[in-house]
Amino acid sequence: MEWLTTLQAVLTDHTVLSADNLARYGEGLVTTVQLVFASLVIGLFLAVPLAIGRSSKRRWISLPIYAYTYVFRGTPLLVQLYLIYYGLPSIDALRDWQYWEYIDRAHVWALVAFTLNTAAYTTEIFRGAIKNTPRGEIEAAKAYGMGYWLRMRRIVLPSAFRRALPAYGNEVIFMLHASAVASIVTIMDLTGAARFIVARTYSAFEPYLWVACIYLCLTFAILYLFRYLEKRLLAHLRPAGE
């Protein structure tokens, strides 16, 4: 195992890429992926009913959802994170809640902020896709006797999801990049790991360079995934022969 001994010697000599710092990068990567994945999944489940409500002609349904998406799309994620992380714990009613000790954690507040932010963007993405459903598809569904909810479940939502896929892919990448603000509230994500290593090694450039490379690899992986999904789900839109 000479190669392993050589590798350990190289990593020991290179302070930024020492075994301890690599482990720190690994922990930060896991934290970032978990936080982003959880916020995207929960945000997606919230966005579907919100997009349907946002598309409603009843203003008492659509207006509150519009106000929510307007606020969260019109303010920086960092400000939202600060308001949730520092603001909610100052509410006495919440602090008196019996489950407060379980939710008063930086990861929970960051997840809440990220989820509300991505749900707002995803709601508007899906609303636009729902609004752009071809009229012919809706009329055909009505001709078959489908009611509103059956039509929405079998025709509108599947069609809207396929059209929204490219825009939603951009939102996933945006959420990955925006998650770097989590380190501001003491979460040891990728950026937090780089900040820790900078303080430890006094090297201000290399730790962030390695983190940038990791983010770049994650971004390319997401791009490849969504291009594959688009190729499969939007195959019927490609010209014949391609």
Engineer: What is the distance from atom CG of Leu44 to atom CD1 of Ile125, rounded to the nearest 0.5 Å?
Structural biologist: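 Here the interatomic distance stands at 10.5 Å.
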Engineer: What I'd like to find out is whether the side chain of Phe114 reaches to under 4.5 Å of the side chain of Val36, using heavy atoms alone.
Structural biologist: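 No, their side chains stay 4.5 Å or more apart.
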Engineer: Do you know which two heavy atoms are closest between Leu81 and Val181, and how far apart they sit?
Structural biologist: CD2-O, 3.6 Å
Engineer: Less than 4.0 Å between a side-chain N and a carboxylate O, is that true for Arg227 and Glu230?
Structural biologist: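 Arg227 and Glu230: not salt-bridged.
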Engineer: Any sub-3.5 Å donor-acceptor pair from Thr123's side-chain atoms to Ala51's backbone N or O?
Structural biologist: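 Such a contact is absent between Thr123 side chain and Ala51 backbone.
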Engineer: If you count every heavy atom of other residues, nucleotides or ligands that lies below 6.0 Å from Tyr70 atom OH, does the total exceed 12?
Structural biologist: no
Engineer: Starting from Leu50, can I reach Ile42 by hopping between I/L/V/M/F/W/Y residues whose side chains sit under 4.5 Å apart?
Structural biologist: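 Same cluster: Ile42 reaches Leu50 through Ile, Leu, Val, Met, Phe, Trp or Tyr contacts under 4.5 Å.
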Engineer: Does Leu116 reach the side chain of Gln80, with side-chain heavy atoms less than 4.5 Å apart?
Structural biologist: no
Engineer: Same cluster for Ile222 and Leu216 if Ile/Leu/Val/Met/Phe/Trp/Tyr side chains link at under 4.5 Å?
Structural biologist: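 Ile222 clusters together with Leu216.
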Engineer: Does the side chain of Thr133 pick up a donor-acceptor pair with the side chain of Arg163 at under 3.5 Å?
Structural biologist: yes
Engineer: Within the distance-only criterion (no hydrogens, no angle test), does the side chain of Thr118 pair as donor or acceptor with the backbone N or O of Thr115 below 3.5 angstrom?
Structural biologist: no
Engineer: Please check if the distance between the ring centroids of Phe72 and Tyr68 is under 6.0 Å.
Structural biologist: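 They qualify: ring centres under 6.0 Å apart.
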Engineer: Any donor and acceptor pair, going by atom type alone, linking the side chain of Arg54 with main-chain N or O of Ile65 inside 3.5 Å?
Structural biologist: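 Such a contact is absent between Arg54 side chain and Ile65 backbone.
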Engineer: Could you check whether any side-chain heavy atom of Leu165 comes within less than 4.5 Å of a side-chain heavy atom of Arg162, counting everything from C-beta outward?
Structural biologist: no
Engineer: Using the ring pair (Phe, Tyr, Trp, His ring centres under 6.0 Å) rule, take Tyr121 and Tyr168 through it: C-alpha gap first, then chi angles, then the decisive distance, then the call.
Structural biologist: CA-CA 9 Å; Tyr121 281 95; Tyr168 184 66; over 10 Å; no
Engineer: Under 4.5 Å between any side-chain heavy atoms of Asn117 and Phe174, yes or no?
Structural biologist: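 A side-chain contact exists here, since the closest heavy-atom pair is under 4.5 Å.
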Engineer: Can you find a pair of side-chain heavy atoms, one from Met175 and one from Leu77, that are under 4.5 Å apart?
Structural biologist: yes
Engineer: I want to check a possible cation-pi pair here: Arg24 against Phe196, using under 6.0 Å from ring centre and within 45° of the ring axis as the test.
Structural biologist: yes
